[in-house]
Every structure is written in C-alpha cells, then in structure tokens.
Number of protein chains: 2
Amino acid sequence: MMTAAAERDPFAGAAPWADRLLMKLRQRDDIDAEEEAALRSIIEPPQAYPARRVIIEEGEPLERSALLVEGLLARFKDMRDGQQQISELHVAGDFADLHSFTLKRLDHGILTLTPCRIGWVGHDALIAMFERFPHLGRLLWFSTNLDAAIHRAWTVSLGRRDAVARLAHLLCELQVRLEIVGLADPTGYPLALTQNDLANCLGLTSVHVNRVLRELRERELVTFRGGHVTIADRAGLCDLAEFSADYLFLEKRPR
Amino acid sequence: MMTAAAERDPFAGAAPWADRLLMKLRQRDDIDAEEEAALRSIIEPPQAYPARRVIIEEGEPLERSALLVEGLLARFKDMRDGQQQISELHVAGDFADLHSFTLKRLDHGILTLTPCRIGWVGHDALIAMFERFPHLGRLLWFSTNLDAAIHRAWTVSLGRRDAVARLAHLLCELQVRLEIVGLADPTGYPLALTQNDLANCLGLTSVHVNRVLRELRERELVTFRGGHVTIADRAGLCDLAEFSADYLFLEKRPR
DNA sequence: CCGCAAAACTAACCTACGGCAATCTCATTC
DNA sequence: GAATGAGATTGCCGTAGGTTAGTTTTGCGG
C-alpha cells in the first residue's frame, strides 16, 4: 500500500535506514502511513564513517542534520588542557544534531566512537515537510527536547552522584534507550566504548572508571567487558543509580 | 500602528510583559510586527509568585508554559538523600518550560528562587500561532535548543572544571544572558541568590562555594555580596573560566 | 531599638577521586 | 609466533572538595 508521497519518491516506503528512528518516535506518538512516507523520503541513503572521526566540527555552518543509522556518536567538547567532556551519547535511531536545524551551527563537536552509518537530511527538506505535516515538526521538536531531558539527567549525575552511581546510571540509560530501538535484550547490550570514553562521559579519569567497573562487577550488578554490558541485577543497579526512566518519556501521547 | 491581530486582541500591541522575550528573540532573528502582535497576544497577564515556591511539580500534566517576566527560576531535581541539583537558571524573558509543549510533563520541578512574575501561555494557543506563523514555531524551537546548549555548557563545567572555574563560568553566563534582556550593565548585575542556591547549580556545597567566592574576590576578579555581582576583571574572569559566549548563539540569522 | 532567623563565614578534619607510573592483556600485523 | 601498540588494571600517594560544628553577620518584624 503506497501513499501519494511514496509514489513520488522512489525511496519512500522503502528506506529501511529510517526504521529505528520510526521505532523511537512511535514509542512516543502515532505516525500515520503518509507521515511515515514523508519522513522516510527526506533521509538520504546512509554513508559510512570510520570510528574516532569528527564528523561535525564545533561552529561549522550546517545545512543538514545527521540521522545515526548504526554505531555510536558522541557530542563532545575539548578543553584547553586536553581534557574532553562528552555531553551526550547517541545510538542508532537518534537524530544526532537536529539541534542545528534551528541553531545553524553547533556549540560542540560530533564524533564517531565506533564505525557509523549516517543518513543526512537537508534542512530545506525538513522545512517543506513541516509545512505539510506540522505534527511531524512537533515530533522532531519533541525529540530535541528529549535530548535536553537527557542532558539534565547527566547534569544531575555529574553534580550529585558519586562515581559508582554515575556509571550505573549511564549503563541504565543506555539499556533503556537501546531496548527501544531493538538493540538490547533484557540482560544487556553490546557497547563498543573504551573505559576512557566512559570517563569522558562521566567527568572521571579512565583509571577511576576502571576501579568503579571492578566494584560494580564485584557487587554482582553489571559487567562491562569485551564491548558488552551484561546486567546481572537490574533492580539493584537501578536502585544504586537512583534511576527512573521517567526522563526518557516512553509513554505514547499526541505531541 | 496596529496590526490585524492586535485589533482583535485588546492586549496585543500592549502586553509589555513580553518585552524581554522579544529582546531575547530579536537578538537571534528578525520578528515582524504581525508576528510580534501574535506572540504578545497569546501571553496572559503575569501572575505573582513568592520566592521559594515550586510552581511546577515533576511529572505533573501540563497544558501551558511559563514565560518568566521578572525574577529568577530554577529547574531542579531532588535526590533521595536530600541533596538538590539545579540544571538551569532562568532569567526574565525566558520561557522556562516551553519544553512541556512537546513533552506534556516535565522530568524536573520548577522553583522560584526570588519573587517572580509569570505570564502563562496555553499550548493550544501556541499550536494555533505556529500554524499561522511557522517561523515563530522555529524561533521558539530555537529557544528550547538554546536551553539544551546551556545544559551542555553546564555538563562540561560539572565534568571538567574545578570549583573556581565552574563558579566563574556561571557568573559569566549570567552576565551575558542578563545583558541581552537589559538587566546587567558591563560591570555586573543584581543576583538575589543564596550561596546555597549557587552550590545547587554547581554540584558543590555551600561551604565550598563560600571558600571559592572568597578566592575570586581576593584574586580581584568578581565580588558577589548583598545580592549583587560586581565584575572587576571581565577578561580575567572569562579566561579563568575558559568562557566563550558561542554557546549562547547571539548572532542574528534567519531561523 | 530589640529579638530572631536565615544566611554568611571559618576552621579542623576526612575521603573520594586524580595523578602518575608500572605492569598486564589481547588483538593485529608481518 | 614475535613484535607492536592500544587499552585494561593495579598501587601509591596527593589534593580538591565534603563534613561537621561552630561563630558572625545581615535583614526584618514588632
């Protein structure tokens, strides 16, 4: 069953690289077939990028946004003294820099942490789509506000949780976000990060992340080894982290 | 000169409580007279709230958003052990919880730190306005993305700056944000916060904030006393904080 | 002008995490 | 299968900031 939009665009209706984005959005609101086709049609076929490549430089003028199709991306900021802070991790299905649609440039860089596939979307195509489907505009606005909610959760972690709870909280967050897009099962998920990457997310040093990982392992809560997170005691982990998924807005509602 | 929208609504064209919001938005993009009238017309006359009142509870269903007309608001989260973390401060002219337009509830509470005046805006009125003026929709989307950029700056502070630089950075941020809405002169600004409030922003204790304020005073960079921030050496302060206003997106551009 | 509470300030001590350096593990390449 | 290098791991010690427990100052209602 093809919609009008789908017939005009040879990619629409197909474009499987938008699948995880749709899973993510449909967790929060209904999207009808016409909207789906419109959304799929504006996302260009994904391009591959190697790990550890800065794909968007801080300040660079932007006329398109990046839909992460596969891999892990980080929003990061480098300090004078060589330290780095990551302000958000992005998983498949995330629009990593939809913020640039209104900001026109970013206040931070975006970096691949693993090999990635990215489908670009032109800002002009977004404007056209929003004129026809204001509801999709609100949904993507929602998704940037969801990023802001994640930022706030990280702020709370960095400000008020100790290193153990902070790491536990991050692992809980990723568990939920990856489950939504079908990349985690209830016992854990693949996570191709180094301990140093985790340190850059958590405002710690890699040495201390190592100590904390050992503690979490010894307390039989989680194991992170060989690029895989195995959650041994989910309830215990959430409790330690004071984690609640409320800030991820998983309920389906008209937005 | 009255526009069509202004003639329909007795408050439009007047509604001076939207002045600072307009100053803030016009710093980033042009707004024509018709848009201005539409925006003014949907903001209800401000209501007064005393200091230290939670005006929005975490999770509460929301059908309107708060434009801060006067005073200081905080987005906050309380921890099990009684600690509090503030994830953003809002000054006059800020839409404090425009995020709830798409989120429908908040992942945090909103609290008055000083006596405040707030003009409420119904979400239905926003939808109607956006249908007629998509450009205003993008501008307000921009303003939620600006909040996200501020969140990221705080994340970097909390993760990678020591207490002195962290406090200095916050004081720099407020200087710029208050200047935009005409509430700071180049030498400083009124700031009716306690040292404990600052501690809750910075992930510190009030005791340590006190020590750090003394250090900043002794280094002749800033003084915070009697609810007023006096900047003695702006360049030195920015340098210490590694502060750049880039993340506040002060340039005027079509959004 | 007094009495009171909240906030500011100080000092002595304590601890979570950083800094540094050495060693270990493991995957990759020739 | 030896050589290499990135990342993981551990131990020791230093320090930024927390904790506790005060004292002092400020603002304010009566």
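In this text the structure is predicted, and so the values were computed from the model without any measurement. Letters A, B, ... are given to chains in the order of the sequence lines, protein chains preceding strands, and every chain is numbered from 1. Both backbone and side-chain heavy atoms feed into the values below; hydrogens, waters and symmetry mates do not.
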Among residues at least two apart in sequence or on other chains, which ones pass side-chain contact (heavy atoms from CB on, under 4.5 Å) with [X]?
X: Asn210(A); value: Gln195(A)
X: Glu57(A); value: Val54(A), Glu60(A)
X: Thr114(A); value: Leu72(A), Cys116(A), Ala192(A)

What distance do [X] atom [atom1] and [Y] atom [atom2] have between them, rounded to the nearest 0.5 Å?
X: Leu248(A); Y: Arg177(A); atom1: CG; atom2: CZ; answer: 7.5 Å
X: Leu178(B); Y: Arg20(B); atom1: CG; atom2: CZ; answer: 9.5 Å
X: Asp97(B); Y: His108(B); atom1: CG; atom2: NE2; answer: 7.5 Å
X: Leu198(A); Y: Leu204(A); atom1: CG; atom2: CG; answer: 9.5 Å

Residues that Phe95(B) engages under ring pair (Phe, Tyr, Trp, His ring centres under 6.0 Å), provided they are two or more places apart: none
Would you name the heavy atoms of [X] and [Y] that are closest together and state the gap between them?
X: Asp197(B); Y: Ile86(B); answer: O-CD1, 3.9 Å
X: Leu158(A); Y: Gly203(A); answer: CD2-N, 3.9 Å
X: Thr112(B); Y: Tyr49(B); answer: CG2-CB, 4.0 Å
X: Ser206(A); Y: Ala199(A); answer: N-CB, 3.5 Å
X: Gln85(B); Y: Leu202(B); answer: NE2-N, 4.4 Å

Earlier contact from the 5' end, DNA chain D, for Arg160(A) and Arg217(A): Arg217(A)
Test salt bridge (Lys or Arg N to Asp or Glu O under 4.0 Å) applied to Arg160(B) - qualifying residues, sequence neighbours left out: none
Close N/O contacts between protein and nucleotides 14-17 of chain D (under 3.5 Å):
from, atom 1, to, atom 2, distance (Å)
dG17(D), OP1, Ala163(B), N, 2.8

Summary of protein contacts for nucleotides 20-30 of chain D, nucleotide by nucleotide, where a base hit scores B, a sugar-phosphate-only hit scores S (4.0 Å, heavy atoms): B----------
Side-chain (Asp162(A)) to main-chain (Val164(A)) donor-acceptor, under 3.5 angstrom: yes
Angle by which the axis turns from one end of the helix from dC1(C)-dG30(D) to dC30(C)-dG1(D) to the other, five pairs per end, to 10 degrees: 50°
Contact under 4.0 Å: Asn210(A) side-chain N or O vs dT9(D) OP1/OP2: yes
Qualifying ring pair (Phe, Tyr, Trp, His ring centres under 6.0 Å) pairs, either residue in residues 147-201 of chain B, two or more places apart: His169(B)-Phe243(B), His169(B)-Tyr247(B)
Within residues 188-202 of chain A, residues whose heavy atoms come under 4.0 Å of DNA chain D: Thr194(A), Gln195(A)
Residues in contact with DNA chain D, drawn from residues 77-86 of chain B - heavy-atom cutoff 4.0 Å: none
Nucleotide range of DNA chain C lying under 4.0 Å from chain A heavy atoms: dC17(C) to dC20(C)
Name of the residue among Lys77(B), Arg105(B), Arg75(B) meeting side-chain hydrogen bond (donor to acceptor under 3.5 Å, both in side chains) with Glu58(B): Lys77(B)
